[in-house]
**Student:** 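Before I ask anything, here is the structure I am working with.
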2 protein chains.
Amino acid sequence: MDAVDRRIIAALREHGRATYAELGRQVGLSASAVHERVGKLETSGVITGYHAVVNPSSVGLGVTSLIGIYSTDTADDEDVAEALARLDEVESCYRVAGDESFIVKVRVATVDDLERTLGRLRRIEGIARTRTTLVLSTRFEGRPNTSEVDDGDE
Amino acid sequence: MDAVDRRIIAALREHGRATYAELGRQVGLSASAVHERVGKLETSGVITGYHAVVNPSSVGLGVTSLIGIYSTDTADDEDVAEALARLDEVESCYRVAGDESFIVKVRVATVDDLERTLGRLRRIEGIARTRTTLVLSTRFEGRPNTSEVDDGDE
DNA sequence: ATTGAAATATTGCACAA
DNA sequence: TTGTGCAATATTTCAAT
């Protein structure tokens, strides 16, 4: 992984559909070379995927919440994580340090759906209780931090 | 926005670099038709962008934390949000209901960097204090919830 | 990493359902 | 209006170097 790889990554983080030809022009390489580099970044697990980002309310998922998950004393957190993964509405899941075992981000259509999700969460073996924080608005999300892609050498 | 649009969106959420030709094969439309539909979804703000997802530690951002922001009594939350947006290491920013005004997700290279970021946060006008939850591991993140894309009619 | 070449994809446009 | 088919570019993807 050199500076060129990092520039390609930064470009793809901002513009996931950039063509290899475009990327090549940006970094001063042929499309083929970029193609091969990106392929290697993908198979080595540096780039894990490409996703379209959608305005949640326009796909009927207007209610976002951040939910802290408290485990029971005897819980196996691995099992809890798997149970959380089985719920479609759980978009992200973080294992955290502190009183809570996990913090998850949940996106649903309505507060009624949120209530249903909370019910499902509480019924998961190993979950003692939950603490819900409702998101009023998302100022920004998943913004690429490219601060480390600063190369001195060019 | 019809069922075909929803299927295209679902496909692009999973596979952001899918070609129009590929998408067309999936939904039974010509590449031209898909091209036009996607263009409209983009200009109407349904699809807001495409991004490569990168393994954070492989780009030197191995430390993730979720930080609750408490505002002062006199704070203008709009100003606070703008100040938060100016910090590169703040990847996501949610305005929330509850004791905290915002919850932000911060990604940095080391705990030293985290300490520096916390210092920057506390120096922002309008922020009274912060509450940091360290992420031990990310089980999954930004997973597309396609549960609402269930069409009965096909 | 490059070049060259064949296969594939993009994208504008005329026209048809 | 939305989709199709076509044609001109452009891109992808290989093999050879």
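Reckoned from all heavy atoms, side chains included, excluding hydrogens, waters and symmetry mates.
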**Student:** Using the C1' atoms of five pairs at each end, what's the angle between the two axes of the helix from dA1(C)-dT17(D) to dA17(C)-dT1(D), to 10 degrees?
**Tutor:**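 One end axis against the other gives 40°.
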**Student:** Do M1(B) and R37(B) make a side-chain contact, defined as non-hydrogen atoms from C-beta onward lying under 4.5 Å apart?
**Tutor:**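 Heavy-atom side-chain distance check fails, nothing below 4.5 Å.
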**Student:** Identify whether NZ of Lys or CZ of Arg in R17(A) sits under 6.0 Å from the centre of the six-membered ring of Y20(B) and within 45° of that ring's axis.
**Tutor:**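 Because its charged atom sits under 6.0 Å from the ring centre and within 45° of the axis, R17(A) does stack over Y20(B).
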**Student:** Is any side-chain heavy atom of R143(B) less than 4.5 Å from a side-chain heavy atom of V90(A)?
**Tutor:**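 Counting from C-beta outward, R143(B) and V90(A) do come under 4.5 Å.
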**Student:** What residue among V46(A), D5(A), I8(A) forms side chain to side chain contact (heavy atoms under 4.5 Å, CB included) with V38(A)?
**Tutor:**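 Single pass found, and it is I8(A).
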**Student:** A side-chain contact here means heavy atoms from C-beta on lying under 4.5 Å apart; do V96(B) and L136(A) qualify?
**Tutor:**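 Contact flag for V96(B)/L136(A) side chains = no.
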**Student:** So which atom in L41(B) and which in S44(B) form the shortest heavy-atom distance, rounded to 0.1 Å?
**Tutor:**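 Taking every non-hydrogen atom into account, O-OG, 3.4 Å.
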**Student:** Tell me which residues in residues 16-42 of chain A put a heavy atom below 4.0 Å from DNA chain D, sorted by number, or none.
**Tutor:**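 T19(A), Y20(A), A21(A), R25(A), S32(A), H35(A), in order of number.
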**Student:** Can you name the nearest heavy-atom pair linking C93(A) to F102(A), along with the distance?
**Tutor:**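 So the two residues come closest at SG-CD2, 3.8 Å.
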